[in-house]
Amino acid sequence: MPAKVRKAVFPAAGLGTRFLPATKAQPKEMLPLVDKPIIQYGVEEAIRSGIQNIIIITGRGKSAIEDHFDVSFELENMLECRGKKDLLEVVRNVSDMINVCYLRQKEALGLGHAVLRARELVGNEPFATVLADDVIDSDTPCLKQLLEVYEFFAAPVLAVMEVPRESISSYGVVDAEPVSHNGSRDRLFRIRDMVEKPGAETAPSNLAIIGRYVLTPEIFDSITEVQPGRGGEIQLTDALKHLLRTRAIYAYRFEGRRYDAGDKLGFLQATVEFALKRDDLGDAFREYLKTLPL
Ligand code: UTP
């Protein structure tokens, strides 16, 4: 039996330049999709996948994330006094369900560097990594889908999705061969190679890596081995490529829809679609959208 995945690392120390000026003084992870901060969707996905130990890598100006998952005594006291039980539950719900700790990445030196910060806290165990600005809407949580593959193969698993050729150069892309799993041959792949941000003509496939990973602790050594790439950043994809020399790594084409909520258009798409799905808002919002001269 492979070791159980008990911890999830949330790198959230990026600068969020695509969302300036909103991200000048607040983290992009705290931008609300309807009424919940982006990062809460990821934390809820981890909880629904059976992981309660959350490690958030933060940077300067990210204290709102810590406050969000902390107890807000004044607010809770006020809601209690006013008998607002529903709201009290909304405010308490998630923070009651997780053990959360925070680590600082002093400089935004890349995703690989951010993950390496968690080495001591993760220890010698497998762990999940969630990039919260990839928000995923699915029946089975994406992380849970990856964990199921991890439990079968006891090897690192990355979430991938098909992207059109014209946008492939924004992603890390896998060169991979299909593997039969659970009666299908088009979801699971064994990775042969990975390329960060390839050109449309040179991309080895249309399968792009998105922000969900189940990793094994060897990744930390690989991160320390790789040289900083573009912009002095240490890339997680480079470390995974390094690990691939000694270890099988799988890619799983998850079921669900992913929104890049760290990008303005992706954020707007997620906002509209999540609002339309809400019991309390959906009908009124749909009626409103119909009145727009589109
Ligand atoms: P992004 O590529 O989205 O970069 O990072 P970013 O800086 O957050 O945003 P833009 O591109 O400037 O708008 C992917 C993930 O890696 C984390 C980010 O917080 C995000 O979750 N990250 C990135 C770090 O934690 N540290 C880093 O040094 C870089």
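Indexing begins at 1, ligand by ligand and atom by atom, following the structure's order.
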Partner of Gln40 by side-chain hydrogen bond (donor to acceptor under 3.5 Å, both in side chains), out of Glu29, Glu45, His68 |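 The option that passes is His68.
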
Do me a favour and list the nearest non-hydrogen protein atom to [atom] with residue, atom name and distance?
atom: atom 8 (O) of ligand 1; result: Lys28 NZ, 2.7 Å
atom: atom 18 (C) of ligand 1; result: Gly14 N, 3.6 Å
atom: atom 12 (O) of ligand 1; result: Thr17 OG1, 2.5 Å
atom: atom 14 (C) of ligand 1; result: Leu131 CD1, 4.2 Å
atom: atom 25 (O) of ligand 1; result: Ala13 N, 2.9 Å
atom: atom 7 (O) of ligand 1; result: Leu15 N, 2.8 Å
atom: atom 28 (O) of ligand 1; result: Gly110 N, 2.7 Å

Using the rule that two of Ile, Leu, Val, Met, Phe, Trp, Tyr join whenever any of their side-chain heavy atoms come within less than 4.5 Å, decide whether Val115 and Ile249 are in one cluster.
->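 Yes: a chain of side-chain contacts under 4.5 Å links Val115 to Ile249.
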
Applying a strict 4.0 Å limit to heavy atoms, is Leu111 in contact with ligand 1?
->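 Within the 4.0 Å threshold, so yes.
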
Close approach of Gln105 to ligand 1, heavy atoms, under 4.0 angstrom |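 It does, in that a heavy atom of Gln105 comes within the 4.0 Å cut-off of ligand 1.
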
Ligand 1 atoms in contact with Ala108 (distance to a heavy atom under 4.0 Å) =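 Listed by number with element, the hits are 28 (O).
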
Check ligand 1 against Leu109 and write out every atom of the ligand that is under 4.0 Å from a heavy-atom position of the residue.
->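 Result: 28 (O).
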
May I ask you to check if ligand 1 and [X] share an N or O to N or O distance below 3.5 Å?
X: Pro11; value: yes
X: Arg18; value: yes
X: Ala114; value: no
X: Phe19; value: no

How does Glu29 reach ligand 1, by side chain, by backbone, by both or by neither, if only non-hydrogen atoms under 4.0 Å count?
->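 Near ligand 1, Glu29 shows its side chain, while the N, CA, C and O stay back.
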
Look at the side chain of Thr23 and the backbone N and O of Gly16, then say whether any donor-acceptor pair between them is shorter than 3.5 Å.
->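 Present.
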
Side chains of Tyr259 and Thr271: closer than 4.5 Å at any heavy-atom pair?
->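 When only atoms from C-beta onward are counted, Thr271 and Tyr259 do not touch, as no gap falls below 4.5 Å.
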
Check whether any side-chain heavy atom of Val135 sits under 4.5 Å from a side-chain heavy atom of Arg258, and report yes or no.
->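 No, every pair of side-chain atoms sits at 4.5 Å or beyond.
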
Geometric cation-pi criterion Lys36 and Tyr41, 6.0 Å radius, 45° cone |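 Flagged: Lys36 positioned over aromatic ring of Tyr41.
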
Mark yes when over 12 heavy atoms from residues, nucleotides or ligands other than Asp70 sit less than 6.0 Å from its CG; otherwise mark no.
->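 Yes - once you tally the heavy atoms of other residues, nucleotides and ligands closer than 6.0 Å, there are more than 12.
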
How about atom 21 (O) of ligand 1: does it have a protein heavy atom within less than 4.0 Å?
->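 Flag for atom 21 (O) of ligand 1 set to true, protein heavy atom closer than 4.0 Å.
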
Between CG of Leu75 and CG of Asp67, what distance do you get to the nearest 0.5 Å?
->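 CG of Asp67 is found 11.5 Å from CG of Leu75.
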
Mind checking the CD-CG spacing from Gln145 to Leu143? Nearest 0.5 Å is all I need.
->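 So the CD of Gln145 and the CG of Leu143 are separated by 9.5 Å.
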
Salt-bridge criterion met for Asp221 and Arg119 (N-O under 4.0 Å) =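 Salt bridge flag = yes for Arg119 with Asp221.
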
Listed partners of Ser205 passing side-chain contact (heavy atoms from CB on, under 4.5 Å), at least two apart =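 Expected list: Val173, Val174, Leu207.
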
